[in-house]
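In what follows, a structure is listed as structure tokens, so that the remarks can point back to it.
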Amino acid sequence: MDSLRRMDIKYLKGIGPKRAELLDKNLGIKTYYDLLHHFPTGYVDRTSVYRIADFSGEMPTVQTRGRFVSFSEHGEGAKLRLVGLFSDGSGMMEVVWFKRIKAIKQAYHTGQEYIVFGKPTQFNGRWSVVHPEVDTPGSQAVTDGFRGVYPLTEQLRNRGFSARTIAQAVSQVISSIQRFNETLPADIIARYRLMGLHDAIRAIHNPANNDELQRARFRLKFEELFYLQLNIRRYARRRSEAVTGFRFPRIGHFFNTFYKEFLPFELTGAQKRVIKEIRADMGSGRQMNRLLQGDVGSGKTLVALLCMLIALDNDTQACLMAPTEILATQHFETLTSLVAAMGVNVRLLTGSTGKKQRDIIHRELEDGSLHILVGTHAVIEDNVRFRNLGLVIIDEQHRFGVAQRARLWKKNIIAPHVLVMTATPIPRTLAMTVYGDLSVSVIDELPPGRKPVVTLLRYDENRFATYQGIGRQLRAGRQVYIVYPLVHENEKLELRSLEEGYESICETFRDYTVAFVHGQMKPAEKDYQMSLFASGKAQILVATTVIEVGVNVPNATTMLIENAERFGLSQLHQLRGRVGRGGGQSYCILMTKRKIAADTRKRLELMTSTTDGFAIAEADLHMRGPGDIEGTMQSGVALDLHIANLATDGQIIQLARDSADYILDTDPSFTLPGHEMLETQLRLLSSRQQDWSRIS
Ligand code: ADP
Ligand code: MG
């Protein structure tokens with residue numbers, strides 16, 4: 001396979017330098033290797049011949065056999081077209097060309113037998129086929145079996161390329177090669193009864209039948225995922241071997257005192273379980289790199305605190321990092337209220353912390369009297385130095401880049417343990433790939449007494465009734481969020497609709513105080529408005545998605561989301577998580593216009609039918625593909641997959657991961673016979689993709 005990466009496609013018959021350049025520009029195909037890995041997106045059946053008399057409404061591309069009766073030109077100039085009348089004895093159809101008319105007229109003749117291959121459509125009571133492929137019987141194309149359909153660009157089409165051009169180039173390459181060097185170890189191939197590479201490449205382009213096609217696809221997907229997993233898993237192992245971690249053997253004063261005297265509620269079973277998992281990690285002497293997934297409201301903060309107390313019990317400091325100032329402040333307040341009384345020193349460091357306070361923080365961090373530092377990105381600045389940082393917790397991880405995580409590590413000689421918390425449920429298959437190097441803990445249980453949020457889909461014409469419902473909640477002493485989609489926080493137009501919305505809400509609910517936040521406000525103003533709502537002085541909060549992350553106001557029981565159709569599933573789920581945090585019945589109203597696209601309606605209806613974050617994330621993955629899922633873009637991992645699909649190939653991912661682990665368990669340095677290619681393949685992969693060693 002290696003030499004194929006150096007063979008230029010311009011040497012192929014029928015390609016040449018000009019066409020090669022076009023293929024490179026349009027499809028990124030430069031070499032034989034690229035060409036072979038330009039897999040078909042579909043297949044056409046060239047095994048049967050249809051009679052024109054049997055053509056029917058919804059036929060895909062079909063072939064028929066007969067003769068041209070006549071050719072004639074119609075229209076003129078740009079509208080000129082060539083029409084060939086084609087008969088197969090059972091009926092008559094028109095074959096139409098709009099381009100390359102001169103060449104076509106020279107190539108085909110009346111009276112001679114041809115196989116015409118195209119998609120029949122009915123026009124004025126007669127079948128016609130536009131720009132078909134035309135072959136003479138006995139030519140190779142006719143006995144082809146299933147042939148690949150390759151996506152082409154407009155430019156390629158205009159320059160005379162067809163799926164056939166590609167197919168022919170591919171078959172030239174394949175027949176020029178005796179045998180492709182296998183790229184998977186023989187023991188793996190045997191273990192999963194995989195198709196060999198040579199057969200798989202041939203079959204993916206030109207399968208004899210569906211069964212062969214499926215086996216070829218499986219093999220190629222497996223290979224792609226296997227090397228991805230091998231890379232991540234090997235990296236994770238190497239790191240855990242190379243990096244010394246703190247060993248936290250003790251559960252001591254801080255943890256015990258808090259647990260006995262200050263714990264505000266009994267922990268849920270899931271909270272207890274994940275704390276155990278985290279403790280085991282932190283006690284192992286290896287650096288912990290763990291992802292804590294827990295749906296909104298599942299109580300991650302309390303878990304974070306208990307883990308930080310373990311760090312304190314082992315004479316180290318802890319740091320909790322949040323993506324926004326609002327959230328950091330809220331964490332700071334929560335933690336302070338929980339542990340200040342027992343003498344834990346907690347401080348807040350954000351972009352707006354003044355110099356005086358900053359100086360105190362720097363001093364206390366370095367002399368060790370500061371136990372827990374809570375903050376935003378500000379905590380990773382170089383002048384923030386700890387005496388002995390033992391645990392870093394990152395909340396809502398997806399907003400932090402990989403590089404930023406790495407900077408935190410470097411704050412200590414012994415790498416601190418890292419716990420990444422996320423409320424964006426990541427489907428397992430995706431987590432295995434994107435966060436393949438992290439261990440995963442899941443809080444899969446909500447604190448008791450929570451009633452699932454009732455979610456309703458409402459249209460503009462229901463607005464009056466909706467406002468009445470909101471009024472009832474307000475009269476009962478509850479608070480209400482009203483959310484506007486300010487997707488791009490700097491768009492003037494959207495900002496205006498938000499401001500108008502705010503004014504109309506103030507008008508409608510005159511007896512109540514309305515707070516107002518959006519991303520373009522100054523932090524101080526934002527904080528002031530938020531605190532109005534958090535303290536209960538304001539009963540309504542009109543906001544953009546700045547409230548999406550983490551904000552906790554248990555008395556808020558209703559959320560109205562305007563233009564709900566403009567939000568993604570995960571985002572709606574995050575927003576909805578702001579309500580239903582207290583004991584009372586909560587509501588989330590998705591407001592939209594009556595006319596919405598079918599898939600949008602499907603999305604919104606899913607929201608009304610479930611509150612299970614994992615089910616929603618799974619659906620999101622299926623509907624949008626992994627590239628768009630929040631979290632994957634920022635994760636720093638380019639999921640540049642050729643053939644595998646993270647949404648639908650979960651089982652293959654699992655197999656690939658198992659076999660990667662099997663290899664690493666049995667032959668970690670790839671020295672067994674037949675394993676030599678592993679290193680080469682990994683090198684090729686990382687030169688094509690990303691530098692995994694930089695991912696922390
Ligand atoms: P999230 O996982 O979304 O960060 P929080 O940590 O903010 O969730 O917790 C949500 C709410 O649940 C908070 O008000 C918190 O005090 C409460 N909570 C956490 N753990 C428990 C528990 N074990 N029992 C009852 N309430 C809890
Ligand atoms: Mg939280």
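Ligands are counted one by one from 1 in listed order, and the atoms in each one are counted from 1 as well.
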What verdict does the side-chain contact (heavy atoms from CB on, under 4.5 Å) test give for Arg475 and Arg472, after you've listed the backbone C-alpha separation in whole Å, the side-chain angles of each residue and the deciding distance to 0.1 Å?
CA-CA 5 Å; Arg475 278 194 296 282; Arg472 280 192 295 276; 3.5 Å; yes

Separation between CG (Leu370) and CD1 (Ile372), nearest 0.5 Å, reads 8.5 Å

Ligand 1 to Gln271, heavy atom cutoff 4.0 Å, flagged ligand atoms 19 (C), 20 (N), 22 (C), 23 (N)

Any idea which atoms of ligand 1 are less than 4.0 Å away from a heavy-atom of Glu266?
22 (C), 23 (N), 24 (N)

With side-chain hydrogen bond (donor to acceptor under 3.5 Å, both in side chains) as the rule and sequence neighbours excluded, what pairs involving residues 605-616 come up?
none

Check each atom of ligand 1 against the heavy atoms of Leu267 and keep those under 4.0 Å away; list them by number with element.
23 (N)

Counting from 1 in the order shown, the ligand 1 atoms closer than 4.0 Å to a non-hydrogen atom of Thr301 are 4 (O), 5 (P), 6 (O), 7 (O)

Answer with yes or no whether Gly297 contacts ligand 1, where contact means a heavy atom under 4.0 Å from a ligand atom.
yes

Contacts of Glu618 meeting salt bridge (Lys or Arg N to Asp or Glu O under 4.0 Å) (sequence neighbours excluded), chain-then-number -> none

When rounded to the nearest 0.5 angstrom, what is the spacing between CZ in Arg358 and CZ in Arg347?
13.5 Å

State the CG-OH distance between Leu456 and Tyr587, to the nearest 0.5 angstrom.
8.5 Å

Is the shortest distance from a heavy atom of Ser298 to ligand 1 less than 4.0 Å?
yes

Need the ligand 1 atom indices (1-based, order shown) with element for anything under 4.0 Å from a heavy-atom of Thr268.
23 (N)

Checking heavy-atom distances from atom 17 (C) of ligand 1 to each of Arg578, Arg581, Arg450, Gln293, the winner is Arg450

Between CZ on residue Phe248 and CE on residue Met288, distance to nearest 0.5 Å
8.5 Å

Heteroatom distance test (Gly299, ligand 1): nitrogen or oxygen, under 3.5 angstrom
yes

